[in-house]
Colleague: 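Got a structure for you, written out below as structure tokens; questions coming shortly.
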2 protein chains.
Amino acid sequence: MTKTAMPGFSPCNNATLRRAARKLGRFYDDVISPSGLKGTQYGLLYQIYVSNEPAMGTIAEAMVMDLSALGHTLKPLIRDGYVEAFADKDDRRVKRVRLTRQGLAKLDEATKLWSIAQQRFEAMVGKQRAADLRAMLDEVAALDYEAPAAALPG
Amino acid sequence: MTKTAMPGFSPCNNATLRRAARKLGRFYDDVISPSGLKGTQYGLLYQIYVSNEPAMGTIAEAMVMDLSALGHTLKPLIRDGYVEAFADKDDRRVKRVRLTRQGLAKLDEATKLWSIAQQRFEAMVGKQRAADLRAMLDEVAALDYEAPAAALPG
DNA sequence: CCACGAAAGTGGCATATGCCACTAATTGGA
DNA sequence: TCCAATTAGTGGCATATGCCACTTTCGTGG
């Protein structure tokens, strides 16, 4: 018993990943909160910003997120006037989104705060280790979890 | 442009972590779903199982989760009869929980499925790399994100 | 040109998480 | 002993995410 008893380590990759996500999420949220945005919302605004008036499906794919979930998450941002949606010219099924002037300003504001969180985190774990971690995570997010073709008998 | 355009890489550690969590979460959820449990619920049952009739606060700490969030997450499991709560003998503020007979059976059932997900994942990224990843994530979850003592003038 | 199946979103429902304001029970002094 | 500060949970409210059932559009083989 060193001090506060180590956290409940688990052999489950999923549980461990979620645990870390909760902790890191709260940290980024705290630092970014003065802007009124949550870390996830900041990430979404950023993704829209770096894309070219992306279709919702495009964003969902880039963020490895369910399309309907993206729709839900987008609502408060549209409601608050940071994002606006419009129909694609050629395919009326497609809905594209972009940042409004306010959204752009808010992104700027939040980016300053995000930088602080990012720097604080990387100062703690090390820039290189953070990069390594992201690489691992990107790999996990890109994996193809198809059923291992469990012997489909001819 | 190799094939499907790499996912929207982001320099944000938080966004990257969440993205991976979404993807891995869906994978574990899919595999575990025949039991009727979500991956998170499985993790919670497991945590309760390996603890000794833990107090809610104890679980919350181990899982690096907000106490009220834990309370919410616990509700469906109590409703479905997998977990039962009871007041601590010495401190009536404390609420302890334990698995019911059904909860134990469900945990057993789900563990078989979990093993499949766990093995499939580790077969893809490698057992050692998975262990390394968990180690990094445990470290992230254990970090002390206190304000960097930003010069509190005497 | 029309019926069909695929593609893109929407809405409803349920869980996952957090924060905040409260309530109840304890613990520490004065 | 009695009240103030602390501790443990609860409930309400809001966002984060997913799945499923639809609805609207497209794209196509007839």
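Below, chain A is the first sequence line, B the second, and so on; all start at residue 1.
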Colleague: Same cluster for B:F86 and B:L44 if Ile/Leu/Val/Met/Phe/Trp/Tyr side chains link at under 4.5 Å?
Modeller: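 No; tracing contacts between hydrophobic side chains, which count when under 4.5 Å, never links both residues.
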Colleague: Give the minimum heavy-atom separation between A:A69 and A:M65, together with the two atoms involved.
Modeller: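 Shortest heavy-atom separation between A:A69 and A:M65 comes out as CB-CG, 4.1 Å.
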Colleague: Which atom pairs, one a donor and one an acceptor, fall under 3.5 Å between side chains of residues 24-33 of chain B and the rest of the protein, sequence neighbours left out?
Modeller:
from, atom 1, to, atom 2, distance (Å)
B:R26, NH2, A:V64, O, 3.3
B:Y28, OH, A:N13, ND2, 3.3
B:Y28, OH, B:Q118, OE1, 2.5
B:D29, OD1, B:G39, N, 2.6
B:S33, OG, B:D30, O, 2.8

Colleague: Taking only nitrogen or oxygen atoms into account, show me every contact under 3.5 Å that the protein makes with nucleotides 23-25 of chain D, one pair per line with its distance.
Modeller:
from, atom 1, to, atom 2, distance (Å)
D:dT25, O2, A:R93, NH1, 3.3

Colleague: Does anyone know the first and last nucleotide of DNA chain C in reach of chain A, 5' to 3', at under 4.0 angstrom to a heavy atom?
Modeller: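 The protein-touched segment is C:dA6 to C:dC19.
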Colleague: How would you label the contact of A:G71 with the nucleic acid (heavy atoms, under 4.0 Å): base, sugar-phosphate, or nothing?
Modeller: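 Result for A:G71 = nothing.
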Colleague: Not counting sequence neighbours, list each pair that qualifies as a salt bridge (Lys or Arg N to Asp or Glu O under 4.0 Å) and has a residue in residues 48-60 of chain B.
Modeller: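 Sorted result for residues 48-60 of chain B: B:E53-B:R98.
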Colleague: Note down the inter-axis angle between the two ends of the helix from C:dC1-D:dG30 to C:dA30-D:dT1, five pairs each, to the nearest 10°.
Modeller: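 Helix axis angle between the two ends: 0°.
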Colleague: Might you point out which heavy atoms bring B:M136 and A:L133 nearest each other, and give the distance in Å?
Modeller: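 The pair with the smallest heavy-atom distance is CE-CB, 3.5 Å.
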Colleague: Give the minimum heavy-atom separation between B:A110 and B:L37, together with the two atoms involved.
Modeller: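 Smallest interatomic distance, heavy atoms only, reads CB-CD1, 3.7 Å.
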Colleague: Please find the pair of heavy atoms, one from B:R18 and one from A:A21, that lie closest to each other, and give the distance.
Modeller: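 Looking at all heavy atoms of both residues, the shortest contact is NH1-O, 4.5 Å.
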Colleague: Measure across B:Y42 and B:L107 and return the closest heavy-atom pair with its distance rounded to 0.1 Å.
Modeller: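 Closest approach of B:Y42 to B:L107, heavy atoms only: CE1-CD1, 3.5 Å.
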Colleague: Which heavy atom of A:S10 sits nearest to which heavy atom of A:T16, and what is that distance?
Modeller: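 Smallest heavy-atom distance, with atoms named: O-OG1, 3.3 Å.
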Colleague: Quick one: do A:V94 and A:L70 end up in the same hydrophobic cluster if we chain Ile, Leu, Val, Met, Phe, Trp and Tyr together by side-chain heavy atoms under 4.5 Å apart?
Modeller: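 Not linked; separate clusters.
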Colleague: I want to confirm an ordering. Mapping A:D66 and B:D90 to their closest nucleotides on DNA chain C, which one lands closer to the 5' end?
Modeller: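 The residue whose closest nucleotide sits nearer the 5' end is A:D66.
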Colleague: Any side-chain heavy atom of A:Y46 within less than 4.5 Å of one from A:T111?
Modeller: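 When only atoms from C-beta onward are counted, A:T111 and A:Y46 do not touch, as no gap falls below 4.5 Å.
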Colleague: Map A:R18 and A:M56 onto DNA chain C by nearest heavy atom, then report which one ends up closer to the 5' terminus.
Modeller: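 On the 5' side of the pair lies A:M56.
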Colleague: Between the main-chain N or O of A:E109 and the side-chain N or O of A:S35, is there a donor-acceptor pair closer than 3.5 Å?
Modeller: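 No; judged by distance alone, with no hydrogens or angles, the pair does not exist.
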Colleague: With a 4.0 Å heavy-atom cut-off, tell me which residues in residues 25-40 of chain A come close to DNA chain C, sorted by residue number.
Modeller: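 Heavy-atom contacts with DNA chain C come from A:R26.
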Colleague: Decide, yes or no, whether a salt bridge links A:D138 with B:R19 under the criterion of side-chain N to carboxylate O below 4.0 Å.
Modeller: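 The answer is yes: the pair qualifies as a salt bridge.
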Colleague: Could you tell me whether A:R79 contacts a base, only the sugar-phosphate backbone, or nothing, with contacts defined as non-hydrogen atoms closer than 4.0 Å?
Modeller: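 Sugar-phosphate contact only - A:R79 comes under 4.0 Å of backbone atoms but never of a base.
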Colleague: Of B:K23 and A:D80, whose nearest nucleotide on DNA chain D comes first from the 5' end?
Modeller: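 In this pair, the answer is A:D80.
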Colleague: To the nearest angstrom, how far is B:F86 atom CZ from D:dA8 atom C1'?
Modeller: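 Computing the B:F86:CZ to D:dA8:C1' distance gives 15 Å.
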